[in-house]
Amino acid sequence: MSTIITGVNASMPRVSYIKAVDIYLWVSFVFVFLSVLEYAAVNYLTTEHDGTHRKLHQRPLDLSSERMLDEAYSKAESNGLAGFTQDEEAAGKAQQMVVCVPEIKKKTQRGLRIIQNTHVIDAYSRMIFPGVFIIFNIIYWIFGNIVGMIVQADVYFLLCFLSAGALNSCARARSKRETVRTEREIHKPGSTILMRSPDVTKAPVTKSEQLLKLDDHDFTMRPGFGGPAIPVGVDVQLESLDTISEVDMDFTMTLYLRHYWKDKRLSFPSNTNQSMTFDGRLVKKIWVPDIFFVHSKRSFIHDTTTDNVMLRVYPDGKVLYSLRVTVTSMCNMDLSHFPLDTQTCSLEIESYAYTDDDLMLYWKRGNNSLQTDDKISLSQFLIQEFHTTTKLAFYSSTGWYNRLFINFTLRRHIFFFLLQTYFPATLMVMLSWVSFWIDRRAVPARVPLGITTVLTMSTIITGVNASMPRVSYIKAVDIYLWVSFVFVFLSVIEYAAVNYLSTLQERKARQLNSQQLPCTCGLTHPSQMMMSSSYSEMDMMTTGNYGMSELSGDKQEQFLVQLVLENERGASRAAGSARSTLYIDTHAIDKYSRVIFPGAYTLFNIIYWSIYSQ
């Protein structure tokens, strides 16, 4: 499930809201997670029940009594007990009762009655889990289809289709009314409709080059060359902020860049004081400021359907030069708090050739020179602020230049990373704690659980860093993921320690039992089966299926399943009876880990979020 979620979101934008596919995948993930918790609960409760059952049955049994097994054993384990018998020769021994496995003798065999009953949690889970997931799917797909129909349906055309006749009648009536109204206006005395405007396209027009006297001036020189610096005002209208890339450390935006200056060489006589507007073809014939974007990686002027350039000249020589530009510029980001970070980027505008002695670049309207669209938004960031500043830039070989700054502050949306990084990592850590509640002897359950959580954490860490730049410092998300990885790894180490110490404990117990417990079964069979009482009851039951291999000499292995070591009448312990404990309490390491691991991880989360949420 973690792989599926990671793969789906790798091709999706980092939006600040939850998507429909996120709902489905995470609900499915929760069901899978709950199934693991269900097994941990069943295993823990069964182990506790077995321990209580063993304590109650640690008493002498009469040979005529039958061994009642706990209902938690499976059918396979019950079948393994079919070979256990009781030898009549051992009936007179008051100190010990031994269930031996000799050759099959139908006359002396006494079967063991098994009571089987699957744990009640499993019984309910078989119905609740599928039922709830089916109900969720029904609600999900019905609701999703209804919303999709509402979003995709064109209500206007639907209404037109349902009331096509009525709409056609209304259209014809409206057209008739408009025709009558137009005729009345035309025949009305003094109507402006009858007064036709002169066709300016047929009147003699002076060429723009002649009107502006372009041939009389050298436009390779700036206006007022040799005099004071020419002031050039700038204002910007931001059309869109397209992308912010942490990997490339840049941003892309589209804007309308406007320049204002006065060039007396372009003044022309006009009685109406109207301006003349030209396209980009005239720009190549006059002087314009040589503005460029500092630290830009790529930039271009849009040319669909023609060059998006406008030149407007007023009679007094004032010029407005506007162009539509898309620029990708560098943004030095500090990712030490990623993804709880705030970034400030700047677009820098400067004259390439003219120093501040020749050209004075300034914001036309001060802080109001930057206009933004209210609809500008980013999937991953919240735009907090736009503002403008002006500074001087110095180059050792050329001098001082005026530089304009468009500054904007971005705060990253945390919701996407909570859903795709922090939440999965936290669930993996919690999933590793499940092993503390599983019986330490259930090796096939605990080992795969630990390895799976370790591999999943490795996948999450690899996926996060694949979309990040290779910076030389640690990020906030790295701290969280690697601490989570350490907790998962320690849970595996914890089980290794528990398993190792339990093995040592059982080995010592077997050595003590081998020294104190004599063979009293009185069987004539050459091979007898003997098991240490330190094994679990499940291990004892399953050994009933093992065969008896004869060995030569005195090295014949004996396998005795000792059920009760003390008779009902309270015989003296000094008579040679050996006592062995069948029940071993859950290891202390598991008990402490159930408290220490969640407590330490909770403390880490409190410290982490209090530091990086500021």
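All values below were derived from every heavy atom in this structure, side-chain atoms included, with hydrogens, water molecules and symmetry-related copies excluded.
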### Task
Please report the shortest heavy-atom distance between Ser467 and Val247, naming the atom on each side.
O-CG2, 3.2 Å
### Query
Please walk me through it: do Leu504 and Arg507 pass side-chain contact (heavy atoms from CB on, under 4.5 Å)?
CA-CA 5 Å; Leu504 291 180; Arg507 186 178 302 170; 4.2 Å; yes
### Query
Rounded to the nearest 0.5 Å, how far apart are CD1 of Ile596 and CD1 of Ile589?
10.0 Å
### Task
Please check if atom OH in Tyr124 has more than 12 non-hydrogen atoms from other residues, nucleotides or ligands closer than 6.0 Å.
no
### Message
For the residue pair Lys364 and Tyr260, would you count it as a cation-pi contact if the rule is NZ or CZ under 6.0 angstrom from the ring centre and within 45 degrees of the ring axis?
### Response
yes
### Query
Do Thr409 and Thr342 touch side chain to side chain, with heavy atoms closer than 4.5 Å?
yes
### Task
Scan for side chain to side chain donor-acceptor pair (under 3.5 Å) pairs involving residues 292-301, sequence neighbours excluded, and state none if there are none.
Asp250-Lys297
### Message
Let's go through Val309 and Asp279 carefully: what are the C-alpha distance in whole Å and the side-chain angles of both, what is the deciding distance for side-chain contact (heavy atoms from CB on, under 4.5 Å) to 0.1 Å, and is it a yes or a no?
### Response
CA-CA 6 Å; Val309 176; Asp279 57 18; over 6 Å; no
### Message
Can you confirm whether Phe394 is buried at CZ, in the sense that more than 12 heavy atoms of other residues, nucleotides or ligands lie under 6.0 Å from that atom?
### Response
yes
### Message
I'd like to know whether OH of Tyr601 has more than 12 heavy-atom contacts from other residues, nucleotides or ligands below 6.0 angstrom.
### Response
yes
### Query
So do the side chains of Phe31 and Val132 get within less than 4.5 Å of each other, counting heavy atoms only?
yes
## Note on the structure
Paired with Phe386, the side chain to side chain contact (heavy atoms under 4.5 Å, CB included) test is passed by just one of Asn367, Val236, Asn407, Leu238, namely Leu238
### Query
Rounded to the nearest 0.5 Å, how far does CG of Leu361 lie from CG of Leu392?
11.0 Å
### Task
Check the surroundings of atom OH in Tyr352: do more than 12 heavy atoms from other residues, nucleotides or ligands lie under 6.0 Å from it?
no
### Query
Considering all heavy atoms of both residues, which atom of Met360 and which atom of Asn402 are nearest to each other, and what is their separation?
CA-OD1, 3.5 Å
### Message
Strictly distance-based, threshold 3.5 Å: is any side-chain N or O of Asp290 a donor or acceptor partner for the main-chain N or O of Ala353?
### Response
yes
### Task
Would you give the length of the straight line joining atom OG1 of Thr254 to atom CG of Asp373, rounded to the nearest 0.5 angstrom?
12.0 Å
### Task
State whether Arg446 and Asp590 are salt-bridged, where the test is any N-O pair (Lys NZ or Arg NE/NH1/NH2 against Asp/Glu carboxylate O) under 4.0 Å.
yes
### Task
Can you measure from OH (Tyr401) to OG1 (Thr355) and round to the nearest 0.5 angstrom?
6.0 Å
### Query
Quick one: does Arg126's side chain get under 4.5 Å of Asp122's, heavy atoms only?
yes
### Task
Would you mind checking if Glu239 and Arg324 are paired as a salt bridge, meaning a charged N to carboxylate O distance below 4.0 Å?
yes
### Message
Students often mix this up, so state it plainly: with edges at 30° and 60°, are the rings of His259 and Trp261 parallel, tilted or perpendicular?
### Response
perpendicular
#### Entry: Lys/Arg-Asp/Glu bridge criterion (N-O < 4.0 Å) met for Asp439, Arg441
yes
### Query
Between Asp334 and Ser336, is there a donor-acceptor pair closer than 3.5 Å when you use the side chain of the first and the backbone of the second?
yes
### Task
Could you tell me whether the side chain of Met249 reaches within less than 4.5 Å of the side chain of Cys331, counting heavy atoms only?
no
### Query
Quick one: does Ser502's side chain have a donor or acceptor within less than 3.5 Å of a partner on Asn499's backbone?
no
### Message
If you compare all heavy atoms of Met468 against all heavy atoms of Val464, which two are closest, and at what distance to 0.1 Å?
### Response
CG-O, 3.2 Å
### Query
Taking the side chain as C-beta and beyond, is there a heavy-atom pair between Ile349 and Phe293 under 4.5 Å?
yes
### Summary
Note: Ile479 and Phe604 closest approach over all heavy atoms is O-CZ, 4.2 Å
### Task
Could you please spell out the steps behind the ring pair (Phe, Tyr, Trp, His ring centres under 6.0 Å) verdict for Trp400 and Tyr395?
CA-CA 6 Å; Trp400 293 89; Tyr395 298 91; 9.5 Å; no
### Query
With side chains defined as the heavy atoms from C-beta onward, is the minimum distance between Val447 and Tyr495 less than 4.5 Å?
yes
### Task
Using the side-chain hydrogen bond (donor to acceptor under 3.5 Å, both in side chains) rule, take Thr252 and Thr328 through it: C-alpha gap first, then chi angles, then the decisive distance, then the call.
CA-CA 4 Å; Thr252 301; Thr328 300; 2.9 Å; yes
#### Entry: Thr390 vs Arg403, side-chain contact (heavy atoms from CB on, under 4.5 Å): CA-CA, chis, key distance, verdict
CA-CA 6 Å; Thr390 304; Arg403 182 177 295 181; over 6 Å; no
### Summary
When every non-hydrogen atom of Tyr140 is compared with those of Val21, the smallest separation belongs to OH-N, 3.9 Å
### Task
Considering non-hydrogen atoms only, spot the tightest contact between Trp26 and Leu419 and give its length.
CZ2-O, 2.8 Å
### Task
Give a yes or no on whether the backbone of Thr306 and the side-chain of Asn308 come within a donor-acceptor separation of less than 3.5 Å.
yes
### Query
Is the backbone N or O of Lys475 less than 3.5 Å from a side-chain atom of Asp478, with the two atoms forming a donor-acceptor pair by type?
yes
### Query
Got a donor-acceptor contact below 3.5 angstrom from the Ser610 side chain to the Ile607 backbone?
yes
### Task
Would you check if the side chain of His413 reaches a backbone N or O of Gln380 as a donor-acceptor pair within less than 3.5 Å?
no
### Message
So for atom CH2, which belongs to Trp141, do other residues, nucleotides or ligands contribute more than 12 heavy atoms lying within a distance under 6.0 Å?
### Response
no
### Message
Could you walk me through whether Gln237 and Asp235 satisfy the side-chain hydrogen bond (donor to acceptor under 3.5 Å, both in side chains) test, starting with their C-alpha distance in whole Å, then the side-chain angles of each, then the deciding distance to 0.1 Å, before giving a yes or no?
### Response
CA-CA 7 Å; Gln237 181 175 347; Asp235 67 29; over 6 Å; no
### Task
Find out whether Val498 and Glu494 are in side-chain contact, i.e. whether some heavy atom of one side chain is under 4.5 Å from a heavy atom of the other.
yes
### Query
Is the side chain of Thr452 donor-acceptor paired with the backbone N or O of Leu449 at a distance under 3.5 Å, no angle test?
no
### Ser491 (side chain) donor-acceptor with Val488 (main chain) under 3.5 angstrom
yes
### Message
A side-chain contact here means heavy atoms from C-beta on lying under 4.5 Å apart; do Leu404 and Thr388 qualify?
### Response
no
### Summary
Given the options Tyr480, Tyr612, Phe417, Tyr422 meets ring-ring contact (aromatic ring centres under 6.0 Å, His included) only with Tyr480
### Query
Is Arg594 close enough and on-axis enough to Trp437, meaning under 6.0 Å and within 45°, for cation-pi?
yes
### Task
Any chance you could measure Ile383, atom CD1, to Arg411, atom CZ, to the nearest 0.5 Å?
14.5 Å
#### Entry: Euclidean distance, Phe29 CZ relative to Leu34 CG, rounded to 0.5 Å
10.5 Å
### Message
Any carboxylate oxygen within less than 4.0 angstrom of a Lys/Arg side-chain nitrogen, looking at Glu246 and Arg412?
### Response
yes
### Task
Start with the C-alpha distance between Phe436 and Lys591, add both sets of side-chain angles, then the distance that settles side-chain contact (heavy atoms from CB on, under 4.5 Å), and finish with yes or no.
CA-CA 8 Å; Phe436 303 150; Lys591 287 185 175 181; over 6 Å; no
### Message
With a sphere of 6.0 Å drawn around OH of Tyr362, does it hold more than 12 non-hydrogen atoms of other residues, nucleotides or ligands?
### Response
yes
### Message
Donor-acceptor pair, distance only, cut-off 3.5 Å: does the side chain of Asn137 make one with the backbone of Phe133?
### Response
yes
